[in-house]
Student: 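Would you mind keeping the following structure in view while I ask a few things?
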Amino acid sequence: MSRELPPEDRPDEPDEEPVEPSILPTPPRALLVAVLLGGVIGWLLGPVVENLGRTPMHVPWTTAAMLAVAAVALAVLAWRMWRTVHVRRLPVNPERGLYSLVLGKSAALLGAALFGGYLVFGASFLPRLEIAAGLGRVVNSGLAALASAGLSAAGYALEMACRVPQDKDHLDGRGGERPGRRDDRKA
């Protein structure tokens with residue numbers, strides 16, 4: 001009794017051609033759009049809310065602290081992923097790689113949106129530092145904007161760390177032959 005499947009039931013054999021990646025890096029344009037959308041929301045929460053007779057929100061210092069902690073945690077995760085994938089060239093569990101990639105993309109976009117929001121919100125109070133908590137809003141919003149930029153950068157770094165490096169030998173079509181290796185054998 002043969003254990004081979006009939007030819008029509010055999011799974012497709014892998015193609016010899018390199019597969020194009022289906023998940024592309026976050027384009028800078030998407031980050032810019034996130035910053036602009038966050039800026040619009042930050043502008044709406046500042047003077048527009050005040051013109052409606054409401055008090056604009058206060059930005060506590062803990063917001064900047066929490067964003068900074070998240071940025072540092074993501075930076076550490078990105079560094080560890082970079083060492084695993086690019087330096088040691090060890091395989092990564094696919095689920096871990098996928099979760100890290102999604103986390104990196106999300107943090108990059110969220111950090112960019114928060115950066116725009118906190119930056120515009122704080123800047124809207126610059127001409128009115130004399131109002132109650134005006135200086136506090138500017139300072140805390142500026143710190144939160146800096147921490148948000150760090151979160152976005154760490155997320156983008158994690159996303160880039162998840163990219164599997166292309167095999168240089170495969171790209172130049174030498175099939176494992178490195179330049180100078182043939183000369184080494186002759187010597």
Side-chain angles (χ1 to χ4, degrees), residues 23-88 92-165:
I23 301 176
L24 298 175
T26 302
R29 187 180 323 149
L31 295 174
L32 181 63
V33 168
V35 169
L36 293 176
L37 286 176
V40 168
I41 292 172
W43 179 75
L44 288 175
L45 290 176
V48 172
V49 167
E50 202 171 29
N51 287 338
L52 294 175
R54 307 259 179 178
T55 303
M57 66 176 195
H58 293 272
V59 180
W61 66 269
T62 52
T63 302
M66 287 189 307
L67 287 170
V69 168
V72 169
L74 274 179
V76 169
L77 191 60
W79 179 74
R80 292 183 64 182
M81 180 66 78
W82 179 268
R83 285 188 47 85
T84 300
V85 174
H86 294 271
V87 176
R88 296 180 185 161
V92 176
N93 182 332
E95 287 182 2
R96 179 181 168 219
L98 180 63
Y99 294 151
S100 297
L101 179 65
V102 170
L103 180 64
K105 279 184 170 286
S106 302
L109 290 171
L110 177 66
L114 290 175
F115 171 74
Y118 282 119
L119 189 68
V120 171
F121 181 78
S124 68
F125 287 96
L126 276 177
R128 300 173 294 148
L129 290 176
E130 70 279 357
I131 66 170
L135 181 61
R137 285 184 177 114
V138 170
V139 170
N140 289 342
S141 295
L143 292 175
L146 286 176
S148 299
L151 179 68
S152 182
Y156 192 75
L158 178 59
E159 182 183 346
M160 291 297 110
C162 291
R163 293 183 59 91
V164 176

Student: Give me the atom names and distance for the closest heavy-atom approach of L67 to A144.
Tutor: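 Smallest interatomic distance, heavy atoms only, reads CD1-O, 3.8 Å.
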Student: To the nearest 0.5 Å, tell me how far N93 CG sits from T84 OG1.
Tutor: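 Taking CG in N93 and OG1 in T84, the distance rounds to 12.0 Å.
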Student: How far does CH2 of W61 sit from CE of M66, to the nearest 0.5 angstrom?
Tutor: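 The distance works out to 9.5 Å.
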Student: Would you find a donor on one side and an acceptor on the other, under 3.5 Å apart, between the side chain of R137 and the backbone of M57?
Tutor: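 Indeed, once roles are kept as given, a pair shorter than 3.5 Å links the two residues.
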Student: Nearest 0.5 angstrom please: T63 OG1 to L114 CG, how far?
Tutor: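 These two atoms lie 10.0 Å from each other.
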Student: Between H86 and R163, is there a donor-acceptor pair closer than 3.5 Å when you use the side chain of the first and the backbone of the second?
Tutor: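 Side chain of H86 to backbone of R163, a donor-acceptor pair under 3.5 Å: yes, one is there.
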Student: With side chains defined as the heavy atoms from C-beta onward, is the minimum distance between L151 and L74 less than 4.5 Å?
Tutor: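 Yes, their side chains come closer than 4.5 Å.
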Student: Say you draw a straight line from CG of L158 to NZ of K105; how long is it, rounded to the nearest 0.5 Å?
Tutor: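 With rounding to 0.5 Å, CG (L158) is 11.0 Å from NZ (K105).
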Student: Side-chain donor-acceptor contacts of residues 94-103 below 3.5 Å, not counting sequence neighbours, with atom names and distances?
Tutor:
| from | atom 1 | to | atom 2 | distance (Å) |
| --- | --- | --- | --- | --- |
| S100 | OG | R96 | O | 2.8 |

Student: Can you find a side-chain donor-acceptor pair between E50 and T55 that sits under 3.5 Å?
Tutor: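 Judged by distance alone, the side chains do not pair up.
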Student: For L31 and L109: C-alpha separation, side-chain torsions, deciding distance, then whether side-chain contact (heavy atoms from CB on, under 4.5 Å) applies.
Tutor: CA-CA 6 Å; L31 295 174; L109 290 171; 3.9 Å; yes
Student: Output yes when a side-chain donor or acceptor of S152 lies under 3.5 Å from a complementary backbone atom of A108, and no otherwise.
Tutor: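 Confirmed, S152 side chain pairs with A108 backbone.
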Student: Which pair of heavy atoms, one from M160 and one from P25, lies closest together, and at what distance?
Tutor: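 Residues M160 and P25, closest heavy atoms: CE-CB, 3.3 Å.
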Student: For residues A75 and A154, report the shortest heavy-atom separation together with the two atoms involved.
Tutor: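 Scanning both residues completely, I find the closest heavy atoms to be N-CB, 3.7 Å.
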Student: Would you say N140's side chain and P60's backbone share a donor-acceptor pair under 3.5 angstrom?
Tutor: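 Not at all, since once roles are kept as given, no pair shorter than 3.5 Å links the two residues.
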Student: Are the side chains of Y118 and L143 in contact, using a 4.5 Å heavy-atom criterion?
Tutor: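 Side chain of L143 against side chain of Y118, heavy atoms only: no contact under 4.5 Å found.
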Student: List the atom of A64, the atom of A147, and the distance in Å for their closest heavy-atom pair.
Tutor: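 For A64 versus A147, the nearest heavy atoms are O-CB, 3.5 Å.
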Student: CG of L110 to OG of S148: how many Å apart, nearest 0.5 Å?
Tutor: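 Separation between the atoms: 7.5 Å.
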Student: Could you tell me which non-hydrogen atom of G122 sits nearest to which non-hydrogen atom of S141, and how far apart they are?
Tutor: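 Minimum heavy-atom separation between G122 and S141: CA-CB, 3.5 Å.
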Student: Do P165 and V85 have side chains that approach each other closer than 4.5 Å (heavy atoms only, starting at C-beta)?
Tutor: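 Of all side-chain heavy-atom pairs linking V85 with P165, at least one is under 4.5 Å.
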Student: How far apart are the closest heavy atoms of A157 and A78, and which atoms are they?
Tutor: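 Between these two residues, the closest heavy atoms are C-CB, 3.8 Å.
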